[in-house]
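Notes to accompany the following structure.
Chain naming here is simple, since letters A, B, ... match the order of the sequence lines and numbering starts at 1 in each.
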Number of protein chains: 2
Amino acid sequence: MTSVHSLRRTLSSDLAQAVVALVESEGLRTGDPLESVKALAARFDVAVPTMREALRRLEGLGMVDFRHGSGIYVGPNAGRRVLANPLQSRPDADQLVELLEARRQIEPSLAMLAAEVRDPAGIALMDETLAQAQAQIASGDDRLWLTNLDFHRAVAAAGGNSVLVEVLDSIVLIHAEDQREILRLHGDADDDHAEHAHLADCVRRGEPEAARDAAYSHLDHVVEVIRARRR
Amino acid sequence: MTSVHSLRRTLSSDLAQAVVALVESEGLRTGDPLESVKALAARFDVAVPTMREALRRLEGLGMVDFRHGSGIYVGPNAGRRVLANPLQSRPDADQLVELLEARRQIEPSLAMLAAEVRDPAGIALMDETLAQAQAQIASGDDRLWLTNLDFHRAVAAAGGNSVLVEVLDSIVLIHAEDQREILRLHGDADDDHAEHAHLADCVRRGEPEAARDAAYSHLDHVVEVIRARRR
DNA sequence: AGTCATAAAGTCATCTAATCACTTGAGGAC
DNA sequence: GTCCTCAAGTGATTAGATGACTTTATGACT
């Protein structure tokens, strides 16, 4: 059952690994420029098209960005271990339910950890996103759904475990575009916000069980809304 | 906080997406052959190197495999939404602890779901990996650590939620190579196996709370073993 | 009939070279 | 100082070539 596929080494796979090692050894971060394709090809003594193929591998993973006319930059996924597949198609109705059920299973344990650890940066992010959501509800801002995603990320961040942050972020990203529709179907942004606020309170107060239950009932509610739509 | 990076469309990114759509529309699965690079280039009316760049993006994600002299095949990650970054370096000691703590937080909820759902395929896999592990312990087989990974995957599978299976698999893959060392440090394969067997019993019997606690104490034990090594 | 060896065709892997589109920085004019 | 223009550098895509690998077809032998 252990995954078995092509293990043949190619220059492009070795080069991709070498670029990752270079990014790490030079302490580069998202947004930092790398050498140009031509310079990298020279550094590793390969042809430009071969270097480009290697860099496209990295680009597919979000580890580098090509900027036309400007150069190659370290991408948003540099240093990240768990990823959302950027090329997977939008979930259908069944898959969306499954996704939300997965969240309903996982997020309570993340909320619990958040209430135990109460990482200050995560707490600050929770507060920030709650305030922003409040303002967006008041002004009818269309971007509320994005802010709600950020709230969930912030809860994960309050647990102080970067792997869990990546996991939650990956799950959320898979159906990011659907969140807008979910919010619309929910039909009550104030109610949704109140559930978020209650969860945040439990986390802030350091009540793991309450936080777990708040996260569960919030996600359970969302699952029910989406289930209802499927009938 | 929402990720912002290059949104400029290129042929290679459009082509990558088009190949994914082609794989889906033709119902292709891991291991199935695609058309040759040359034929794909002709199909999409682009030059071969451009097609190759697009396919390298997909290769980076594990969605296609290039086989020298043979052709392009659908890769192991086709259809998969949550991935482990194949190019991330091995975790250092701190990161390994963080990873295991993440598992300690998540796997109890997966075990709980497994005990609630008891998906037959997942249960069968659990039984199979336990029996295999038993045989490997008896014969001193070096591959025990691989089988133990499969056991954890099987528990996730028993929950019947494919997103959670991918999540668990991704987390496990991040530190796959370290599992060998973890098992060595644990020093007691029989004890480890007994913990697995106990967890499997709870799942089989449909006891969610017991399964959750079994998973937690098992992972907690592993975390302690690794922490001890760090001192 | 089946098996084995060889050659040809097809395919990937890497390279060289060219042209076009975009960005950045330097220099000059005001 | 600011603004504009141009040149240099950079990515994007194409065309073409050679070498390494795999698969298939054909012929010879048993």
Side-chain angles (χ1 to χ4, degrees), chain A residues 4-19 22-23 26 28 30-76 78 86-87, chain B residues 4-19 22-23 26 28 30-76 78 86-87:
Chain A
V4 177
H5 68 286
S6 174
L7 295 176
R8 184 178 194 273
R9 296 180 64 163
T10 61
L11 258 192
S12 85
S13 64
D14 289 347
L15 288 168
Q17 193 70 259
V19 170
L22 181 65
V23 168
E26 298 204 346
L28 300 179
T30 298
D32 290 346
L34 291 178
E35 290 165 51
S36 69
V37 177
K38 185 172 164 188
L40 286 169
R43 169 192 276 261
F44 296 115
D45 194 31
V46 298
V48 167
T50 306
M51 194 70 238
R52 288 185 62 87
E53 287 193 14
L55 290 166
R56 288 296 189 201
R57 294 178 69 121
L58 292 174
E59 187 187 26
L61 288 165
M63 298 184 75
V64 301
D65 279 331
F66 285 67
R67 295 193 204 156
H68 188 174
S70 178
I72 308 292
Y73 293 78
V74 178
L87 290 178
Chain B
V4 177
H5 68 287
S6 174
L7 295 176
R8 186 180 191 273
R9 298 180 62 165
T10 60
L11 258 191
S12 82
S13 63
D14 288 346
L15 288 167
Q17 194 70 258
V19 170
L22 182 63
V23 168
E26 299 204 344
L28 300 177
T30 298
D32 289 347
L34 292 179
E35 291 165 50
S36 70
V37 177
K38 186 173 165 188
L40 286 169
R43 169 191 275 259
F44 296 115
D45 194 30
V46 297
V48 165
T50 306
M51 194 70 237
R52 288 185 62 85
E53 287 192 12
L55 290 166
R56 289 292 189 204
R57 293 177 71 120
L58 292 174
E59 188 187 26
L61 289 165
M63 296 182 77
V64 302
D65 279 331
F66 285 68
R67 295 191 202 158
H68 188 170
S70 179
I72 308 293
Y73 293 79
V74 179
L87 292 177

### Query
How far apart are the C-alpha atoms of A:L22 and A:R43, what are their side-chain angles, what is the distance that settles it, and do they pass the side-chain contact (heavy atoms from CB on, under 4.5 Å) test?
CA-CA 11 Å; A:L22 181 65; A:R43 169 192 276 261; 3.4 Å; yes
Write out a two-atom table: protein N or O, nucleotide N or O from nucleotides 5-7 of chain D, distance below 3.5 Å.
none

### Message
What I'd like to find out is whether the side chain of B:P76 reaches to under 4.5 Å of the side chain of B:D65, using heavy atoms alone.
### Response
yes
#### Entry: Residues which pass side-chain hydrogen bond (donor to acceptor under 3.5 Å, both in side chains) with B:E26, listed by chain and number, not counting sequence neighbours
none
### Message
How many whole angstroms separate atom CG of A:L34 from atom C1' of D:dT10?
### Response
14 Å
### Spacing between A:L58 atom CG and D:dG11 atom C1', to the nearest angstrom
16 Å
### Query
Are the side chains of B:I72 and B:E35 in touch, meaning some heavy atoms are under 4.5 Å apart?
no
### Check: B:G75 main-chain N/O paired with B:T30 side-chain donor or acceptor under 3.5 Å
yes
Please tabulate, one pair per line, each protein N/O and nucleotide N/O from nucleotides 11-18 of chain C that are separated by under 3.5 Å, including the distance.
unit_1 : atom_1 : unit_2 : atom_2 : d
C:dC12 : OP1    : B:V37  : N      : 3.2
C:dC12 : OP2    : B:V37  : N      : 3.2
C:dC12 : O4'    : B:G69  : N      : 3.0
C:dC12 : O2     : B:H68  : NE2    : 3.1
C:dA13 : OP2    : B:R52  : NH2    : 3.0
C:dA13 : OP2    : B:R56  : NH2    : 3.4
C:dT14 : OP1    : A:L11  : N      : 2.8
C:dC15 : OP2    : A:A47  : N      : 3.1
C:dC15 : OP2    : A:T50  : OG1    : 2.3

#### Entry: Min side-chain heavy-atom separation B:T10-B:R57 under 4.5 Å
yes
### Query
Is there a side-chain contact between B:F44 and B:V19 (heavy atoms, below 4.5 Å)?
yes
### Summary
Output for pair (A:E59 CD, A:L61 CG), nearest 0.5 Å, gives 10.5 Å
